[in-house]
Amino acid sequence: MAPKIFLTRRLPEPAMRLLSAHCEVDLWDDAERPAPREALLRGAAGAAGLLTLLTDRVDAELLDAAPDLKVVANMAVGYDNIDVPACSARGVVVTNTPGVLTETTADLAWALMLAAARRIVEGQKLIEAGGWGPWHPMQMVGVDVYGASLGVVGAGRIGAAVLRRASGFGMELRYHNRNASPELEAATGALYRSLDELLVECQFVVVTLPLTPETRGLFGAREFGLMRDDAVFVNVARGPIVREAELVESLRAGRPRAAGIDVFEREPIGPDHPLLALPNCVAVPHIGSASVATRTRMATLAAENLVAVLAGRPPLTPVHAVG
Ligand code: GLV
């Protein structure tokens, strides 16, 4: 008999086909709205596999409601929505989708760096508001990316991909991570710095860390205060790594000078969010991995992980030691 699985969202067709070929699929059949908690708990009860998104909380309560569960396949590289120790304690395998979204997310980090540095969104809004008067020498001046210094906080795959892209921009490269990474240094020429040193030194600061108890709230008024007054701060990681109210105050005061933000403390944000009122902040709705090809690959990898575990094979990309 095919194992029962629950999907918290309809996925791109290749993933749906793979899952339907091997499993009895139940799903929250709405591609846009998340499954309410009760629907998730109901769907998980009796399921051997769960395919989750970063908006679905997998905790002890859910695991207790799902005694047959063998695998939680998260369609994201981050898995801060999942209580991994609680899953391990119950023998439930957790998988994520590393690798397939690296380059797409690094592209977005660069889009935000360039947009914030060169005031792209602010410029479009100026035109839309009928505010584009005669050309003048210091109209809409921003900061240069070419030849600037770039510091990446987090030395994983995405951090390395952000650094690699800098080679055409003649940048000075720095990175910070819990541990130094000789491989990253060899691949990119980036030099290791303490977080404070990096913040003092680098004009562009890009966050690519996972959200963990150690990184929650890592950036606040003190860290923004260390930055240069021409600094551009970019976060493509997770919102709660930044104390958002303190970022708003710091941007108002002009240090950092500009920011590009893909992730927020509580998502989704609405049009009244204070960051949107700041001309020096470019904000986008958590779209780091959002290309057609990458989202399709993420869904397919999550489906492959789920099918593998339910067939008794090792998962392709587990987040913890299993077995
Ligand atoms: C997206 O934010 C992810 O973690 O894949």
Side-chain angles (χ1 to χ4, degrees), residues 7-12 14-15 31-35 50-59 71-84 87 93-113 152-162 177 206-219 233-242 244 259-269 273 275 282-306 315-320:
L7 318 187
T8 64
R9 222 70 70 82
R10 178 167 286 281
L11 300 173
E32 286 168 24
R33 281 178 320 126
L50 261 188
L51 199 146
T52 51
L53 307 190
L54 50 84
T55 41
D56 305 313
R57 189 162 38 86
V58 176
D59 54 12
V71 52
V72 177
N74 211 36
M75 184 187 146
V77 66
Y79 47 87
D80 45 280
N81 57 312
I82 299 175
D83 184 341
V84 176
C87 289
V93 176
V94 181
T95 66
N96 66 340
T97 59
V100 294
L101 48 70
T102 303
E103 303 300 338
T104 306
T105 307
D107 282 351
L108 186 82
W110 270 84
L112 291 173
M113 284 167 59
V152 168
V153 184
R157 294 178 183 83
I158 297 170
V162 170
N177 199 49
V206 178
V207 184
T208 64
L209 290 164
L211 175 62
T212 64
E214 292 76 43
T215 65
R216 185 175 288 276
L218 185 64
F219 287 85
F233 177 74
V234 169
N235 186 6
V236 291
R238 283 291 183 271
I241 295 173
V242 172
E244 211 163 78
I261 305 293
D262 182 41
V263 287
F264 301 84
E265 262 177 2
R266 264 181 294 282
E267 299 175 3
I269 63 167
H273 192 283
L275 279 175
V282 178
V284 290
H286 202 147
I287 55 170
S289 61
S291 73
V292 176
T294 291
R295 285 285 167 83
T296 305
R297 276 191 219 112
M298 288 165 68
T300 308
L301 177 55
E304 287 166 353
N305 273 315
L306 190 138
L316 287 81
T317 49
V319 307
H320 55 165

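Every number for a ligand or one of its atoms is a count from 1 in the order of the listing.
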Salt bridge (Lys or Arg N to Asp or Glu O under 4.0 Å) partner of D80, the single match among R57, R216, R238: R238
Pairwise salt bridge (Lys or Arg N to Asp or Glu O under 4.0 Å) hits with a residue in residues 98-111, at least two apart: E103-R164, E103-R165, D107-R165
Could you give the side-chain donor-acceptor pairs of residues 296-303 under 3.5 Å, partners two or more places apart or in another chain?
from: T296; atom 1: OG1; to: V292; atom 2: O; distance (Å): 2.7
from: T300; atom 1: OG1; to: T296; atom 2: O; distance (Å): 2.7

Test side-chain contact (heavy atoms from CB on, under 4.5 Å) applied to E267 - qualifying residues, sequence neighbours left out: V263, F264, H286
N/O donor-acceptor pair under 3.5 Å between N96 side chain and N74 backbone: no
Sub-4.0 Å heavy-atom environment of ligand 1, residues by chain: L54, A76, V77, G78, L101, R238, H286, M298
Pairwise distance CG(L101) to OG1(T294) - rounded to 0.5 angstrom: 7.0 Å
